[in-house]
Asks: 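Sharing a structure with you now.
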Amino acid sequence: MAALAEARDQPDGPARLLELERIAVLADAAGDDRSAVDARFALIETALPRGERWRLVEPVRRCLAVLDRRPELFSEAEAELLTRYQRYAIEALLGTPRVGLDQARAVDDLARRIGADAEAVAELRCRIADHLGDEPTAREWYGRWAVAEPGPAGGCPGCAPARRADLLAGWGDWAAALDELRDVLDGAVDCTDQPERALTAALLPWLRQGEVERAGAAHVRAYRRHRGERAAFGHLATHLRFCALAGHPGRGLDILAEQLPRLDRPYDDLSAMEFAAAGALVCQLAVAAGLGGRTVHRPAYGDRPAADLDVATLGAVLLGVATELAGSFDARNGTGHQSGRIAAWLAERPVAGPVPIPADDEGATDEVDPYAPDDPEPSDREPVPLTLAMITMALDRRGDRYAVDGGTVVGRWGDAVIQFRQLGEHGEILHARALAARRLPAARRAEAYAFCNAWNHDRLLPKAYVHDLGDELVLAGDVNTDLAHGVAPAQLDVLVNAAITTGVAYADAVAALP
């Protein structure tokens, strides 16, 4: 469908999501189940990197209905992928109150599809019960989750111990939380989010267990990474709580000042609530420590003007945000658990302090941080998880001009418009798309297809194809590179150079057509 191909070429953002929704509805009306599924899969793949899992509920429901009615339309890989999407849609109710609690019943449908004892089913039932404040039920399902065999719908197996440790820490089981993280911290788990994800989960348990130097070193290392990753916004509340409880309210204010702009566009409502509550705790303890005279700049957003807020005022603002969101969750859930959890956080006081924290600079070494590499900043040849900042830095090193629109980096090189963005659940896929500036009239469709077939036969990159817009044809090319195990900056330079060089060659070949 030409409209779907054109929508996929739009920059990542709300307009693209709305267009994909419109195409899916039109396909439904036309009885074109395959196009409707394709549009909804594209919508899901657009929403996931933006942290908007709540958008998945309806498209996943409709795709599952098609799967039940016409299973022959789905490949085995697509059916398995849809099962993972169903898990993400169920998880959406944990992240935002805008998803109805009836979505919890979708776990029953997931259990029907993959088995009542499946890992994903046990985890979801555990986490939903915990979210509602039903700790006995959550603990019962936790026991089943801990012994279940990993499955394709179970999420990243390398992050499962950290998710379980977060639950145990929330119940005050500090030693058990650290036991869950042992293999990850020992380097026995292969996951690009590790070890920083596990180090963050261990912060408060280590602090509560008296391993204060280890906690301080872990905070410094993990925050170096989490400070700039969009998907890591949910970890910032733990870093702020650590600063508050470790006797470092000043450092907590520094983190608040750096991260406050992200609260206006949070990863989800739950992470916003927790960030605001932890920030309010930092402000409360900072005032008590005599730091109330400091100010924190809050940038303008929407109709709100920029302002420099004193610590007490900022704390009141953050408390209001946390209280309102907790109330929204509780109104949806029919409980008072989230409000009570936030109140418990605000009642916390420093465990000890000030806890030793190693220097947060290039001088930090393994002598003070047993989990840090020799050089805290990744070398040119050290693999690290792909980020949008790494892509722009690679272009900066080339001296290129580009623009960033949402999560997409766009530039023009000769006759080629090239887009770079991250795909995949964790943004681990580098996606480069080249669009030839020259467009062909629709009457040359057969010639355009022949050109792309010949290009794909003779060239490795990019994969060429034709977008039929009705009255004209757009010739485009894609390059996808799976970087699930990370990418070194030097390697990324090679990948970006290759995408640009081959994209320009492709556009030049299109321009040279008679």
Asks: Can you find a pair of side-chain heavy atoms, one from Leu423 and one from Leu48, that are under 4.5 Å apart?
Replies: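 The answer is no, as the side chains (C-beta and beyond) never meet within the 4.5 Å cut-off.
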Asks: Any side-chain heavy-atom pair from Ile429 and Thr481 closer than 4.5 angstrom?
Replies: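 Result no, sub-4.5 Å side-chain heavy-atom pair not found.
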Asks: May I ask you to decide whether Arg241 forms a salt bridge with Glu274, counting only side-chain N to carboxylate O separations under 4.0 Å?
Replies: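 Answer for the salt bridge query: no.
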Asks: Count the heavy atoms of every other residue, nucleotide or ligand shown that sit under 6.0 Å from CZ of Arg105, and state whether that count exceeds 12.
Replies: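 No, the 6.0 Å shell around CZ holds no more than 12 heavy atoms from other groups.
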Asks: His239 and side-chain hydrogen bond (donor to acceptor under 3.5 Å, both in side chains): which single residue from His226, Gln259, Arg227 fits?
Replies: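 Only one option passes, and that is His226.
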Asks: Would you call the rings of Phe41 and Tyr85 parallel, tilted or perpendicular if under 30° counts as parallel and over 60° as perpendicular?
Replies: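 Perpendicular, since the angle between the ring planes exceeds 60°.
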Asks: Less than 4.5 Å apart, side chain to side chain, heavy atoms only: is that true for Thr137 and Leu132?
Replies: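 No; the side chains remain at least 4.5 Å from each other.
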Asks: Answer with yes or no whether the side chains of His219 and Arg251 bring together a donor and an acceptor at under 3.5 Å.
Replies: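 A donor-acceptor contact under 3.5 Å links the two side chains.
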Asks: Taking atom types as modelled, is there a side-chain donor on Gln194 or Arg197 under 3.5 Å from an acceptor on the other?
Replies: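 Their side chains do not contain a donor-acceptor pair, so the 3.5 Å distance test is not met.
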Asks: Between Arg139 and Asp173, does any side-chain N to carboxylate O distance fall below 4.0 Å?
Replies: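 Between Asp173 and Arg139 there is a salt bridge, with a charged N closer than 4.0 Å to a carboxylate O.
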Asks: Listed by chain and number, what are the ring-ring contact (aromatic ring centres under 6.0 Å, His included) partners of His248, not counting sequence neighbours?
Replies: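 Result, ring-ring contact (aromatic ring centres under 6.0 Å, His included) vs His248: none returned.
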Asks: Kindly indicate, with the supporting measurements, whether the criterion salt bridge (Lys or Arg N to Asp or Glu O under 4.0 Å) is fulfilled by Arg208 and Glu348.
Replies: CA-CA 12 Å; Arg208 297 287 187 180; Glu348 292 180 311; 3.1 Å; yes
Asks: Indicate yes or no: at least one non-hydrogen side-chain atom of Glu91 is less than 4.5 angstrom from one of Leu124.
Replies: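 Counting from C-beta outward, Glu91 and Leu124 do come under 4.5 Å.
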Asks: Give a yes or no on whether a salt bridge exists between Arg16 and Glu19, defined as a side-chain N under 4.0 angstrom from a carboxylate O.
Replies: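 Salt bridge: no.
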Asks: Quick one: are Arg40 and Val60 in side-chain contact, heavy atoms under 4.5 Å?
Replies: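 Answer no - side chains too far apart.
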Asks: Does the Lys NZ or Arg CZ of Arg53 fall within the cation-pi geometry relative to Tyr88 - under 6.0 Å from the ring centre and within 45° of the axis?
Replies: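 Pair Arg53/Tyr88 counts as cation-pi.
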Asks: How far apart are the C-alpha atoms of Trp171 and Asp130, what are their side-chain angles, what is the distance that settles it, and do they pass the side-chain hydrogen bond (donor to acceptor under 3.5 Å, both in side chains) test?
Replies: CA-CA 9 Å; Trp171 300 332; Asp130 177 73; 2.9 Å; yes
Asks: For His431, give me all partners under ring-ring contact (aromatic ring centres under 6.0 Å, His included), at least two apart in sequence or on another chain.
Replies: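 If we apply the ring-ring contact (aromatic ring centres under 6.0 Å, His included) test to His431, skipping adjacent residues, there are no hits.
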Asks: Counting only heavy atoms not in Glu324, do more than 12 fall under 6.0 Å of its CD?
Replies: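 At most 12 heavy atoms, drawn from other residues, nucleotides or ligands, come within 6.0 Å of this atom.
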Asks: For the residue pair Tyr465 and His467, is the inter-centroid distance of their aromatic rings smaller than 6.0 Å?
Replies: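 Ring centroids of Tyr465 and His467 are less than 6.0 Å from each other.
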Asks: Report the residues that fulfil side-chain hydrogen bond (donor to acceptor under 3.5 Å, both in side chains) with Arg113, sequence neighbours left out, ordered by chain and then residue number.
Replies: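 Arg113 satisfies side-chain hydrogen bond (donor to acceptor under 3.5 Å, both in side chains) with Asp68, Asp109 only.
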Asks: May I ask you to check whether over 12 heavy atoms, not counting those of Asp108, lie within 6.0 Å of atom CG?
Replies: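 Yes.
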Asks: Does the pair Arg34/Asp38 count as a salt bridge with the N-to-O cut at 4.0 Å?
Replies: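 Yes.
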Asks: Between His337 and His131 (judged by ring centroids, cut-off 6.0 Å), do the two rings come close enough to count as a pair?
Replies: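 Centroid distance His337-His131: not below 6.0 Å, so no.
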Asks: Less than 4.5 Å apart, any side-chain heavy atom of Ile255 and any of Cys243?
Replies: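 Sidechains of Cys243 and Ile255: in contact.
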Asks: List for me each residue that meets side-chain contact (heavy atoms from CB on, under 4.5 Å) alongside Thr238, sequence neighbours excluded, and say none if there are none.
Replies: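 So Thr238 forms a side-chain contact (heavy atoms from CB on, under 4.5 Å) with Thr200, Leu203, Leu204.
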Asks: Is it true that Arg341 and Glu135 make a salt bridge, defined as a side-chain N closer than 4.0 Å to a carboxylate O?
Replies: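 Glu135 and Arg341: not salt-bridged.
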Asks: When you check the gap from the basic side-chain N to the acidic O, do Arg182 and Asp179 get nearer than 4.0 Å?
Replies: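 Judged by the 4.0 Å cut-off on N to carboxylate O distance, Arg182 and Asp179 do form a salt bridge.
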Asks: Are Glu196 and Arg224 close enough for a salt bridge, meaning some N to O gap below 4.0 Å?
Replies: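 No, no charged N to carboxylate O under 4.0 Å.
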Asks: Could you tell me whether the side chains of Tyr223 and Glu258 share a donor-acceptor contact shorter than 3.5 Å?
Replies: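 Side-chain D/A pair, Tyr223 to Glu258: present.
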Asks: Restricting to side-chain contact (heavy atoms from CB on, under 4.5 Å), what partner residues turn up for Arg144, sequence neighbours left out?
Replies: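 Here the qualifying residues are Ala122, Glu140, Trp141.
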Asks: For the CG atom of Asp330 and the OG1 atom of Thr335, what is their distance to the nearest 0.5 Å?
Replies: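 Going from the CG atom of Asp330 to the OG1 atom of Thr335 covers 4.5 Å.
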Asks: Decide, yes or no, whether a salt bridge links Arg62 with Asp33 under the criterion of side-chain N to carboxylate O below 4.0 Å.
Replies: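 No, Arg62 and Asp33 are not salt-bridged.
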Asks: Testing Thr96, Leu325, Thr323, Asp268 for side-chain contact (heavy atoms from CB on, under 4.5 Å) with Met273, which one passes?
Replies: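 Exactly one pass, corresponding to Leu325.
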Asks: For a 4.5 angstrom cut-off between non-hydrogen side-chain atoms, does Val384 reach Met390?
Replies: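 With C-beta onward as the side chain, the pair touches.
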Asks: Mind checking what makes side-chain contact (heavy atoms from CB on, under 4.5 Å) contact with Ala148, not counting sequence neighbours?
Replies: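 Glu119.
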Asks: Are side-chain heavy atoms of Ile357 and Phe242 found at a separation under 4.5 Å?
Replies: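 Side-chain contact under 4.5 Å: yes.
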